[in-house]
*Asks:* 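Got a structure here, written out as structure tokens. Questions coming.
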2 protein chains.
Amino acid sequence: MANINDVAKLAGVSKSSVSRVINGNFEHMSDNTKNKILRAMKELEYSPNTLAQSLKKKTTKTIGIILSDISNPFWSEVLKGVQKECMRMGYGLMVSSSGEKEQIEKENILTLRNKQVDGLIINTTGKNTDLFNSLINEKYPFVFLDRSTDISNIDTVIVNNILGAKMSTQYLIDQGHRNIGILLYPLENKSPRIDRLEGYKEALKINGIQINHDLIKICEDQNGSGVEATKEMLALPTRPTAIFSTNTILNLEVIMGVKKAGLKLPEDVSLIGYDDYPWVPLLDPPLTTVSQPAFEMGVKSTALLIKKMKQKKQIKPKIIQLEPELMIRSSCLPPLK
Amino acid sequence: MANINDVAKLAGVSKSSVSRVINGNFEHMSDNTKNKILRAMKELEYSPNTLAQSLKKKTTKTIGIILSDISNPFWSEVLKGVQKECMRMGYGLMVSSSGEKEQIEKENILTLRNKQVDGLIINTTGKNTDLFNSLINEKYPFVFLDRSTDISNIDTVIVNNILGAKMSTQYLIDQGHRNIGILLYPLENKSPRIDRLEGYKEALKINGIQINHDLIKICEDQNGSGVEATKEMLALPTRPTAIFSTNTILNLEVIMGVKKAGLKLPEDVSLIGYDDYPWVPLLDPPLTTVSQPAFEMGVKSTALLIKKMKQKKQIKPKIIQLEPELMIRSSCLPPLK
DNA sequence: TTGAAAGCGCTAACAC
DNA sequence: GTGTTAGCGCTTTCAA
């Protein structure tokens with residue numbers, strides 16, 4: 001691979017001049033010099049070493065994203081949006097995944113930072129508060145995606161999860177349901193989970209329905225736990241006539257759980273899931289779900305980060321809240337009398 | 001952010017010594033010096049600038065992947081495997097997507113190369129032969145993933161697509177089907193598509209079934225074209241009693257197409273799809289598909305690339321061929337008499 | 001309009 | 001054991 005010196009030598013000029021054409025600073029350059037350099041570059045198939053440029057310019061034109069769980073198809077869709085916006089803006093993208101582990105999240109952040117990426121999109125585990133505070137201190141640009149933390153004043157792209165849960169719970173209530181179960185992954189510090197439970201409770205409260213804690217199931221993260229949880233819930237004396245599932249994986253496990261309990265969907269029990277995909281309408285039964293604008297989340301968070309990186313002086317952080325949408329299909333029916 | 005000079009100054013030593021402890025070359029260093037440096041590093045919260053290290057060491061410990069189409073959930077699964085193996089081996093990962101465009105693929109490759117990533121995993125559009133040849137010339141390490149090209153002697157991770165198509169076509173024939181339709185995206189130079197058509201034809205041939213070109217539908221890439229293609233095929237005088245779909249997106253479109261044609265799956269027409277996911281068994285009907293080891297493809301291609309990068313002298317390129325598996329569910333029935 | 005020289009943050013050969 | 005020095009490939013003053 002040829003370098004700037006090779007080009008300079010071949011063109012018979014100094015490397016400063018070559019650098020000028022690399023960076024498009026021709027204004028005061030003779031056409032002759034310029035052409036000589038251009039020709040030499042072509043001949044050597046030269047293209048500048050981005051690493052060296054970055055070291056000097058102190059910017060890599062690359063951002064990093066840290067996902068909590070790359071397994072969830074929801075994040076693939078988000079990633080697609082991130083990727084697209086990066087491409088459009090001429091940025092590179094480094095991807096990593098924390099697997100919901102605080103420690104790995106921390107390492108990933110540190111590694112990416114050392115690689116000098118210009119900014120970070122973080123779908124945080126919700127912990128690591130100290131680290132985030134120190135990033136803020138250093139004025140290192142980052143945005144939170146989908147999940148916020150206790151730390152206020154961070155640019156964030158988020159979906160209205162209270163609304164999503166409220167809408168779907170209300171929809172079930174409107175159909176006549178009173179015993180509505182909800183399945184969640186452990187709340188920990190994760191705002192979407194907390195908010196979805198909150199929205200569920202709010203809807204019940206507004207409608208004067210007592211909260212039954214047996215109908216709130218916290219499933220273990222990641223291992224088919226939703227199937228068992230569903231069966232347990234359906235074995236309850238106060239068996240729910242409807243279930244609200246708060247995660248893509250859980251949606252599938254609830255469907256399996258209901259079948260295993262020997263019950264029929266939606267005749268015996270109604271179901272609303274979370275997140276929407278092209279295949280959801282083709283499930284048996286076609287699932288009513290809360291749809292989140294995943295792709296848009298990716299695009300918006302990237303745009304927000306890039307904007308933040310570009311502005312020299314601190315501007316007031318922005319919280320972009322997107323709205324979920326209830327996709328009504330045929331997995332809900334009024335309860336049997 | 002502190003740099004190596006700050007540490008050296010604070011510890012009262014030269015930066016060579018600091019560099020030594022960064023790189024773990026303590027053997028001949030006094031404990032005293034070492035401790036002074038360690039303390040200074042901690043105090044300044046120092047961590048080395050990877051960019052500068054890379055420029056000097058001529059290796060970035062980062063690889064790049066170029067996907068043809070990040071939209072397909074299949075690639076999310078592959079990416080998961082790539083990500084995991086990168087993590088395990090201490091490599092960073094840069095992700096880009098060509099959207100099946102030759103020109104964008106080329107730009108992506110060039111950009112990543114300029115960013116000095118140590119190697120590339122390429123799920124190629126199948127064109128860009130000249131570029132690949134020049135990479136080979138420069139001894140720049142890359143592996144092909146899922147698709148191969150005319151260029152021989154490239155490390156490649158691939159799935160046996162002929163077998164996948166043959167297995168599923170044979171399965172349909174065994175059920176008594178003779179009129180079997182196949183849906184494909186444009187073959188262009190894409191080996192999996194070519195091979196799947198080949199496998200389909202081979203199975204027919206072995207069983208003495210004449211190929212009917214009306215039953216081979218090439219759908220336009222990416223726009224619901226599969227729905228129309230299915231309807232057209234089902235309107236044929238020699239209407240197929242079974243359909244073989246060769247892509248995740250097409251699977252869904254065929255299901256929709258059959259419904260729109262007023263036909264029932266699997267009673268009126270059997271269907272085998274390609275690629276498997278947790279939600280496939282929950283579709284209506286539970287879909288029989290050819291399952292590809294997507295995650296494993298990601299892991300294996302990464303491992304192969306890293307191995308290739310590490311060996312100094314050229315070793316004979318390796319083709320890793322993985323096997324697909326037919327996941328039999330209930331979307332196929334013997335044809336009506 | 002162009003070139004010389006310093007320096008981005010680090011490593012490594014060499015000298016002591 | 002430790003420091004000096006040159007240099008990775010580039011950009012950017014500054015001077016000519």
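All values below were derived from every heavy atom in this structure, side-chain atoms included, with hydrogens, water molecules and symmetry-related copies excluded.
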*Asks:* Look at all strands and tell whether S54(B) reaches a base, only sugar-phosphate, or nothing, counting heavy atoms closer than 4.0 Å.
*Replies:*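 No contact at all - S54(B) keeps every heavy atom at 4.0 Å or more from the nucleic acid.
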
*Asks:* Within the pair H28(B) and dG1(D), is there a side-chain N or O less than 4.0 Å away from OP1 or OP2?
*Replies:*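 False: H28(B) side-chain N/O out of range (4.0 Å or more) of dG1(D) OP1/OP2.
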
*Asks:* Taking only residues at least two apart or on different chains, which pairs with a member in residues 29-55 of chain B satisfy salt bridge (Lys or Arg N to Asp or Glu O under 4.0 Å)?
*Replies:*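 Listed once each, the pairs would be none.
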
*Asks:* Is any NZ, NE, NH1 or NH2 atom of the basic residue among E100(B) and R193(B) found under 4.0 Å from an Asp or Glu carboxylate oxygen of the other?
*Replies:*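 Looking at E100(B) and R193(B), the cut-off is met.
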
*Asks:* Specify the angle, to 10°, made by the local axes at the two ends of the helix from dT1(C)-dA16(D) to dC16(C)-dG1(D) when five pairs are taken at each end.
*Replies:*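 Rounded to the nearest 10 degrees, the bend comes out at 40°.
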
*Asks:* Starting from P on dG9(C), measure out to CZ on R113(A) and report it in whole angstrom.
*Replies:*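 Value for this atom pair: 13 Å.
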
*Asks:* So does E188(A) pair up with R147(A), basic N to acidic O under 4.0 Å?
*Replies:*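 Looking at E188(A) and R147(A), the cut-off is not met.
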
*Asks:* Find out whether N35(A) and L38(A) are in side-chain contact, i.e. whether some heavy atom of one side chain is under 4.5 Å from a heavy atom of the other.
*Replies:*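 In short, these two side chains touch, coming nearer than 4.5 Å.
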
*Asks:* Across nucleotides 6-16 of chain D, 5' to 3', mark each nucleotide with B, S or - according to how protein heavy atoms within less than 4.0 Å reach it.
*Replies:* -BBBBBBB---

*Asks:* List for me each residue that meets side chain to side chain contact (heavy atoms under 4.5 Å, CB included) alongside K84(B), sequence neighbours excluded, and say none if there are none.
*Replies:*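 Side chain to side chain contact (heavy atoms under 4.5 Å, CB included) list for K84(B), sorted by chain: F295(B).
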
*Asks:* Just checking, is any N or O donor in the side chain of S68(A) or N123(A) under 3.5 Å from an acceptor N or O on the other one?
*Replies:*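 Short answer, yes.
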
*Asks:* Write down the distance between NZ (K34(B)) and P (dG1(D)), rounded to a whole number of angstrom.
*Replies:*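 For the pair K34(B) NZ and dG1(D) P, the rounded distance is 12 Å.
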
*Asks:* Just how far, in rounded Å, is P of dC10(C) from NZ of K9(B)?
*Replies:*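 From K9(B) NZ to dC10(C) P: 13 Å.
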
*Asks:* Applying ring pair (Phe, Tyr, Trp, His ring centres under 6.0 Å), can you list everything that pairs with Y91(A), at least two apart in sequence or on another chain?
*Replies:*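 Once residues adjacent in sequence are excluded, Y91(A) has no partner under the ring pair (Phe, Tyr, Trp, His ring centres under 6.0 Å) criterion.
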
*Asks:* Any ring-ring contact (aromatic ring centres under 6.0 Å, His included) pairs touching residues 34-86 of chain A, not counting sequence neighbours?
*Replies:*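 Passing the test, one end in residues 34-86 of chain A: no pairs.
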
*Asks:* Specify the separation, in whole Å, of atom CE of M1(B) and atom P of dG9(C).
*Replies:*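 So the CE-P distance, M1(B) to dG9(C), works out to 10 Å.
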
*Asks:* Measure CG/D31(B) against P/dG1(D) and give the value in whole Å, please.
*Replies:*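 Atom-to-atom, D31(B) to dG1(D), this comes out as 10 Å.
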
